[in-house]
Each structure stands twice: as C-alpha cells, then as structure tokens.
*Asks:* 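Supplied in structure tokens, the structure appears directly below.
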Amino acid sequence: MKKIWAIILAAGASTRMNRQKLLLPFNGKTIIETVVENVARSVSSNILVVLGSHREQIRKQIVNYNVKFCVNENYLDGMLSSVICGFRTLPEEAKATLIFLADQPQIPSPVTDLVIETWQKSGKGIVIPTFNGRRGHPVLIETRYKTEIEKLDPEKGLRVLAEKFKNDVYEVECSIPEILRDIDTPEDYENEINKNR
C-alpha cells in the first residue's frame with residue numbers, strides 16, 4: 001500500500017459559497033477534516049493535501065493529522081494546476097494516486113477501497129468509479145501519467161486524459177451516488193447537512 005497515495009485538492013477559493021467551504025461544520029468536524037479522515041481509512045498516512053486559497057486556515061485545521069502538504073501558487077488557474085502540483089510533490093516510489101475533491105465529505109471509504117482493489121485486479125492505469133454510468137471521484141491514476149497531465153489543456157482538465165488513453169481506463173460501477181456530488185453553493189451545503197441529520 002505504500003505505493004498508493006491520495007491527493008486531496010483543497011486549493012479552491014470557494015467563490016460560489018462566499019466563504020471558505022472546507023472550514024464549514026460537517027458531522028461534528030469541518031468538511032476538510034471529514035474528507036481527510038475518510039481518505040485515511042483507505043490509504044493511511046499516504047495523503048497529500050494541495051493548498052492554495054485560505055491555505056493557513058486550512059493547514060491549521062488539519063495540521064494534527066498525518067498528512068503532507070504542497071502549496072499551489074497557481075490555484076486560480078483551475079483544478080488541473082492543483083493536480084499537477086500534487087503529482088510533482090509525490091514521492092518517487094508512488095506508483096498510483098487517488099484524486100479526491102476536498103468538498104466531497106460524503107464519500108465513504110468503501111468506495112476508495114473498491115477503486116484500489118479494481119486497480120490491483122484490472123491492470124489498468126486509470127480507474128474511475130461510476131454511478132448509473134456517470135463518472136465520479138476518487139479517480140485513480142498511475143504516476144507514469146505525470147508528464148501527460150502536465151501537457152493537458154487547463155480549460156478541459158483531467159477528463160481529457162481518460163479520453164486520450166481510453167484503452168487504459170477501467171470504470172467500476174458502485175452504488176454510492178455521493179461520488180457525483182460536491183459542495184459548491186450554500187444550497188449544496190444545506191442539502192448535504194440535511195441528509196446527515
């Protein structure tokens with residue numbers, strides 16, 4: 001398992017929320033803490049959190065967790081810039097990494113376990129969980145794709161990688177709709193809080 005890492009993308013400015021959403025309460029903790037704890041159940045301490053906006057507040061919130069950090073100074077360029085920052089920071093022995101969105105605290109660890117297990121059995125370099133045929137997170141990508149990721153169009157993002165190397169993609173269907181849902185707006189946040197009450 002030492003060869004599998006997780007990159008948590010936590011650099012966004014939360015513009016649609018009008019405040020830093022990752023610091024909002026969720027099930028007795030903050031959103032970012034909940035995500036880190038969920039991820040840690042599957043990958044232990046091999047967790048890299050990409051920071052950008054509100055970096056000190058977010059770092060302070062999870063500094064007591066066994067995670068490593070990288071700072072994406074270009075976070076305003078979009079999510080792909082954070083993915084690139086994460087890939088560049090991974091240790092050399094890392095063979096694959098799971099990409100998590102920090103605003104998906106409702107994804108349970110069995111989803112991550114399923115993606116890892118599918119990667120180990122399938123022999124494919126990109127594994128994507130799906131719900132009713134729609135692709136969600138976390139996406140697992142082998143680190144050999146690092147240079148390809150750095151060449152992608154920031155406007156189109158990571159999905160182009162799966163299009164370009166579709167023969168190396170394995171989709172695994174799961175029964176968890178949460179893999180499709182993130183928290184972008186106050187309405188999203190209220191909906192997720194209400195579901196957990």
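For this chain, numbers begin at 1 and follow the sequence in order.
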*Asks:* Answer yes or no: is there a side-chain heavy-atom contact under 4.5 Å between Ile8 and Ile47?
*Replies:*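 Side-chain contact under 4.5 Å: yes.
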
*Asks:* When you compare the side chain of Gln57 with that of His54, does any pair of heavy atoms fall below 4.5 Å?
*Replies:*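 They are in side-chain contact.
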
*Asks:* Taking C-beta and beyond as the side chain, do Val172 and Ile128 meet within less than 4.5 Å on heavy atoms?
*Replies:*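 They are not in contact (no side-chain heavy atoms under 4.5 Å apart), so the answer is no.
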
*Asks:* Salt bridge check, Lys60 against Glu56: does any charged N sit closer than 4.0 Å to a carboxylate O?
*Replies:*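 Looking at Glu56 and Lys60, the cut-off is not met.
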
*Asks:* May I ask you to test the Glu155-Leu80 pair for a side-chain heavy-atom distance under 4.5 Å?
*Replies:*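 Not in contact.
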
*Asks:* May I ask you to decide whether Lys156 forms a salt bridge with Glu163, counting only side-chain N to carboxylate O separations under 4.0 Å?
*Replies:*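 Salt bridge between Lys156 and Glu163, a charged N being under 4.0 Å from a carboxylate O: no.
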
*Asks:* Can you give me the closest heavy-atom contact between Ala162 and Arg135, atom names plus distance?
*Replies:*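 That would be CB-NH1, 3.6 Å.
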
*Asks:* Among Thr89, Val83, Ile84, which residue meets the side-chain contact (heavy atoms from CB on, under 4.5 Å) test with Phe87?
*Replies:*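 Single pass found, and it is Val83.
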
*Asks:* Look at Asp103 together with Lys21 and state whether they make a salt bridge at an N to O cut-off of under 4.0 Å.
*Replies:*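 Looking at Asp103 and Lys21, the cut-off is met.
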
*Asks:* Do the side chains of Ile7 and Leu98 get nearer than 4.5 Å, heavy atoms only?
*Replies:*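 Answer no - side chains too far apart.
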
*Asks:* Whether Glu93 and Lys3 form a salt bridge (side-chain N of Lys/Arg under 4.0 Å from carboxylate O of Asp/Glu) is what I want to check.
*Replies:*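 So Lys3 does not pair with Glu93 through a salt bridge.
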
*Asks:* Is Lys95 paired with Glu142 through a side-chain N to carboxylate O contact shorter than 4.0 Å?
*Replies:*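 No, no charged N to carboxylate O under 4.0 Å.
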
